[in-house]
Amino acid sequence: MRKLLKGGSVVTGSGTFRADVLTDGETIAAVGRDLPPHGAAVTDVTGKLLFPGFIDAHTHFDLDVCNTTTADDFATGTKSALRGGTTTIVDFACPNKGQTLGYGLKLWHEKADGKSSCDYGFHMTIDDWNEGIEAELPAMFDAGISSFKMYMTYPAMMIGDQDMYFALRALKRYGGIAGVHCENAGVIDALISQHKRDGLTGPSSHPECRPNALEAEAVAHLLRIAQVADVPVIIVHLSTAEALDEVRAARARGQQVYIETCPHYLLLDDSVYYQPEYSAAARYVCAPPLRKKKDQQALWQALADGTIQTVSTDHCSFSLAQKDAGKGDFTKIPGGLPGVETRGILLYSAGVAGGRISAGTMCKVLSENPAKLYGMFGRKGVIAPGADADIVVIDPAAEGVITAGDQIANVDYTPYEGVKTQGKITQVYLRGALAVDAGKVVAENTGMYIPRGVRQM
Ligand code: DUC
Ligand code: ZN
């Protein structure tokens, strides 16, 4: 079936222009001024902005972590994503140490296949390195996995310098890339011991044990390993001004480094951890922790000037009851925030309507760049003939309020409770089908696995 979205403005990374969009089945057939309907069903989108479907390249759905399981699985997580304009997520398949990558991939397909409402792909977590895992890499690329995750913290998943180096070198042979969680684990452990010894066991100890310097140190450490390995790397969920400086220094010496940040680092600060009520503070525990206002300003500036390439959510949701596990011991609070439903509108409202970034930059960091970095550009990340007809319609004149009661995500709070937004996501098309209408999900379970190629930027 052909559909014609008429009278809107198409947003690209390099600007916004008035154009109609004709879709035919699952793909875009034409983009241009005054396209004739030729029998297509016509929808008037006058005054609306049409973005390429957003890509969230950092989600954790149905993940067993911190002795519990994330509140959102693929059913609720992808439906929530779709409502927020995200038509493709890339989740982290996560085999445990000792398991094969093949097992991890099979497990993640079992979690996602047939249950997803938006399209999806997987990164593969490398938390072990040996000949067997190295031998599995070709099969991973054949299966459409071109990006990998490594952790410099969390004992269950972290990988040492030697294995990091060997893994980066091996990925280079296939054109793969790694995203790395950068925090200095050893000194964090030392600070945790000190805080516990001093009886400081509440949520406010969480940011104090993970200071900015320990992200910056780990970023610098990783970037020197990447320099010797001669590989590009991605810093995932970068949160501090100091870490930005480390990346700038590496780029100045010629290294290729990509940066992802998240809405919570742009919009929230660490004062929330100092609220007297446990639950009010514990709900914001995530790693890296929320930072200072000066870090927010540095991140917005870095988004605007192109220093940062992508904004993903690190959606890793836990209910308030799950967060209660850390009463009396802040290290037991499961870390992570919900965010997959609110990323697009928050970036539009605080970023574009707020005058901090252009619509083109928003398109780059939510659609174009993640599609290129993770090997799906052309099919995803752009409104152009031949691409999947993944389209987000934003009404810039409408206003909204974010509340937990209104969200699809399977979690009983939102970090953005009561936040007023300028602009509203009114329709979302997933491969040509209307999937969200008037803010309501109208097509479920139609998400498909997207095999990805190598990096295109
Ligand atoms: N940080 C979190 O807060 N949760 C999940 C994983 C991560 O890196
Ligand atoms: Zn994560």
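Residue numbers count from 1 along this sequence. Both ligands and their constituent atoms are indexed starting at 1 by order of listing.
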Quiz item: Honestly, is Lys149 close enough over Phe92, meaning NZ or CZ under 6.0 Å from the six-membered ring centre and within 45° of the axis?
Solution: yes
Practice problem: Return yes if some donor-acceptor pair links the side-chain N/O of His58 with the main-chain N/O of Thr313 below 3.5 Å, else return no. | Solution: no
Practice problem: Report, rounded to 10°, the angle at the Zn ion (ligand 2) between the two atoms NE2 (His58) and NE2 (His60). | Solution: 110°
Practice problem: Could you tell me the residue and atom name of the protein heavy atom closest to atom 5 (C) of ligand 1, and the distance to it rounded to 0.1 Å? | Solution: Cys316 SG, 3.5 Å
Practice problem: If you have a sec, work out which protein heavy atom is nearest atom 6 (C) of ligand 1 and how many Å separate them, to one decimal? | Solution: His60 NE2, 3.8 Å
Quiz item: So does Lys115 pair up with Asp73, basic N to acidic O under 4.0 Å?
Solution: no
Practice problem: Provide the number and element of each atom of ligand 1 under 4.0 Å from a heavy atom of Tyr154. | Solution: 1 (N), 2 (C), 7 (C), 8 (O)
Exercise. Quick one: look up the protein heavy atom nearest atom 4 (N) of ligand 1 and list residue, atom name and how far away it is.
Key: Gly335 O, 2.9 Å
Quiz item: Are Arg224 and Asp161 close enough for a salt bridge, meaning some N to O gap below 4.0 Å?
Solution: no
Quiz item: With a 4.5 Å heavy-atom cut-off, do Leu49 and Phe51 have their side chains touching?
Solution: yes
Quiz prompt | Backbone or side-chain N or O of Tyr151 under 3.5 Å from ligand 1 N or O | solution = no
Quiz item: Does Asp314 approach ligand 1 within less than 4.0 angstrom via side chain, backbone, both or neither, non-hydrogen atoms only?
Solution: side chain
Quiz item: Going by the order shown, which atoms of ligand 1 are within less than 4.0 Å of some heavy atom of Cys286?
Solution: 3 (O)
Self-check item: Identity of the N, O or S atom of Asp314 lying closest to the Zn ion (ligand 2)
Solution: OD1
Quiz item: Is a salt bridge present between Glu417 and Arg283, judged by a nitrogen-to-oxygen distance below 4.0 Å?
Solution: no
Quiz item: Do Arg291 and Asp270 meet the salt-bridge criterion of a basic N to acidic O distance under 4.0 Å?
Solution: no
Quiz item: Salt bridge between Lys332 and Asp329, side-chain N to carboxylate O under 4.0 Å?
Solution: yes
Self-check item: His181 N/O/S atom closer than 2.8 Å to the Zn ion (ligand 2)
Solution: no
Practice problem: Check ligand 1 against Ala287 and write out every atom of the ligand that is under 4.0 Å from a heavy-atom position of the residue. | Solution: 1 (N), 2 (C), 3 (O), 7 (C), 8 (O)
